[in-house]
Amino acid sequence: MSGQIEARLAELGVTLPQAAAPAANYLPFTRSGNQLFISGQIPMGPNGLEYQGKLGGEYGVDDGQQAARLCAINLLAQAKAALGDLDRIVRLVKIVGFVNCTPDFGDQPKVVNGASDFFVAALGEEKGPHARSAVGAASLPFGVAVEVEAIFEIA
């Protein structure tokens, strides 16, 4: 690991996985000018899909935050696949978090904090803070609890 971001990941005890292949007819990432758009990532862990279920049902906020953090780790894995070097990230511009939840669940922002907090820790106070949306959903692909997408400014 050579870069500053990868050094921070090591300090956090995070090893990036291999970037996941798309599950349908879309690109995992695309670049436009100095922006890198990364398709929604789900909580795929080392042993496969994790956190399948609903917030407000099978899962509480803490579990949802862990699922969102895992999505953020997978987003950085896609960024590394796209860029080769995570230090080419100038800043995280925006994330959108989708939370698979029961109709009465209203803590989507708290759940998506799992991704936001991870990005600030991994990218630092200069590159990590971002705009975002946290949206409740009736269902998500493969029944996962959370999906997160991201837009990065890159050099």
Side-chain angles (χ1 to χ4, degrees), residues 5-6 8-32 35-83 86 89 91-125 127-153:
I5 294 172
E6 291 198 48
R8 273 197 210 93
L9 290 171
E11 290 171 11
L12 295 170
V14 173
T15 301
L16 292 180
Q18 183 77 17
N25 187 17
Y26 64 88
L27 297 172
F29 55 81
T30 187
R31 291 175 56 179
S32 180
Q35 292 190 321
L36 176 65
F37 296 80
I38 300 181
S39 295
Q41 298 296 300
I42 58 178
M44 183 68 72
N47 298 316
L49 217 45
E50 298 183 24
Y51 301 101
Q52 291 176 286
K54 288 190 176 289
L55 276 292
E58 296 88 344
Y59 295 117
V61 170
D62 290 343
D63 293 317
Q65 288 174 338
Q66 290 304 309
R69 182 182 189 274
L70 189 49
C71 294
I73 290 169
N74 290 324
L75 284 161
L76 285 184
Q78 290 291 352
K80 177 147 181 155
L83 303 171
L86 290 175
I89 294 173
R91 70 170 303 169
L92 176 57
V93 176
K94 182 176 183 179
I95 66 171
V96 179
F98 302 94
V99 179
N100 182 2
C101 57
T102 60
D104 60 337
F105 185 81
D107 285 331
Q108 293 86 354
K110 289 180 183 176
V111 168
V112 179
N113 279 346
S116 293
D117 294 346
F118 174 77
F119 279 125
V120 172
L123 301 177
E125 293 291 333
K127 297 179 179 186
H130 51 275
R132 77 167 202 200
S133 299
V135 180
S139 66
L140 289 173
F142 310 109
V144 297
V146 181
E147 179 176 355
V148 182
E149 65 180 47
I151 303 168
F152 293 92
E153 179 183 347

Checklist entry - Side chain of Q108, backbone of F105: donor and acceptor closer than 3.5 Å? => result yes
Item to check | Smallest separation among heavy atoms of A19 and A81, with atom names | outcome: CB-CB, 3.8 Å
Item to check | With K80 via salt bridge (charged side-chain N to carboxylate O under 4.0 Å, His left out) - residues at least two apart | outcome: E6
Item to check | Any donor-acceptor pair under 3.5 Å from K54 side chain to A138 backbone | outcome: yes
Checklist entry - Rounded to the nearest 0.5 Å, what separation is found between the OH atom of Y51 and the SG atom of C71? => result 10.0 Å
Next on the checklist: Quick check on side chain to side chain contact (heavy atoms under 4.5 Å, CB included): which of V61, N100, V99 does L55 satisfy it with?
Outcome noted: V99
Checklist entry - Are L27 and P22 close enough that some pair of their side-chain heavy atoms sits under 4.5 Å apart? => result no
Next on the checklist: Please check: side-chain N/O of R91 versus main-chain N/O of F152, any donor-acceptor pairing under 3.5 Å?
Outcome noted: no
Checklist entry - What salt bridge (Lys or Arg N to Asp or Glu O under 4.0 Å) pairs are there with at least one residue in residues 99-109, not counting sequence neighbours? => result D107-K110
Item to check | Side chain to side chain, S116 and R132, heavy atoms closer than 4.5 Å | outcome: yes
Checklist entry - What is the minimum heavy-atom distance between I95 and A115, and which atoms define it? => result CD1-CB, 4.1 Å
Item to check | Separation of L83 CG from F29 CZ (nearest 0.5 Å) | outcome: 8.0 Å
Checklist entry - Looking at A134 and V112, what are the two nearest heavy atoms and their distance? => result CB-CG2, 3.6 Å
Next on the checklist: Donor-acceptor pair, distance only, cut-off 3.5 Å: does the side chain of K94 make one with the backbone of H130?
Outcome noted: no
Item to check | Shortest non-hydrogen contact from L76 toward A122 | outcome: CD1-CB, 4.1 Å
Checklist entry - Between the main-chain N or O of F142 and the side-chain N or O of Q52, is there a donor-acceptor pair closer than 3.5 Å? => result yes
Checklist entry - Looking only at heavy atoms, what is the nearest atom pair of P43 and V146, with distance? => result CD-O, 3.1 Å
Checklist entry - So, the side chain of Q78 versus the backbone of A20: is there a donor-acceptor pair under 3.5 Å, distance only? => result yes
Next on the checklist: If you define the side chain from C-beta out and look only at heavy atoms, does anything of F37 sit under 4.5 Å from R31?
Outcome noted: no
Checklist outcome for this item: Value for CG (L75) from CD (E147), rounded to nearest 0.5 Å, stands at 9.5 Å
Checklist entry - CD of Q66 to CZ of F118: how many Å apart, nearest 0.5 Å? => result 11.0 Å
Item to check | Separation between CG of L86 and CG of L123, rounded to the nearest 0.5 Å | outcome: 8.0 Å
Next on the checklist: Can you tell me how far apart OG (S133) and CZ (F98) are? Round to the nearest 0.5 Å.
Outcome noted: 8.0 Å
Item to check | Validation row: E149, I38 side chains within 4.5 angstrom (heavy atoms) | outcome: no
Next on the checklist: I need the minimum non-hydrogen distance between P46 and E50, along with the two atoms involved.
Outcome noted: CD-OE2, 3.7 Å
Checklist entry - Is the side chain of N74 donor-acceptor paired with the backbone N or O of I42 at a distance under 3.5 Å, no angle test? => result yes
Checklist entry - Taking atom types as modelled, is there a side-chain donor on N113 or R69 under 3.5 Å from an acceptor on the other? => result no
Item to check | Sequence-distant partners of D63, salt bridge (charged side-chain N to carboxylate O under 4.0 Å, His left out), two or more places apart | outcome: none
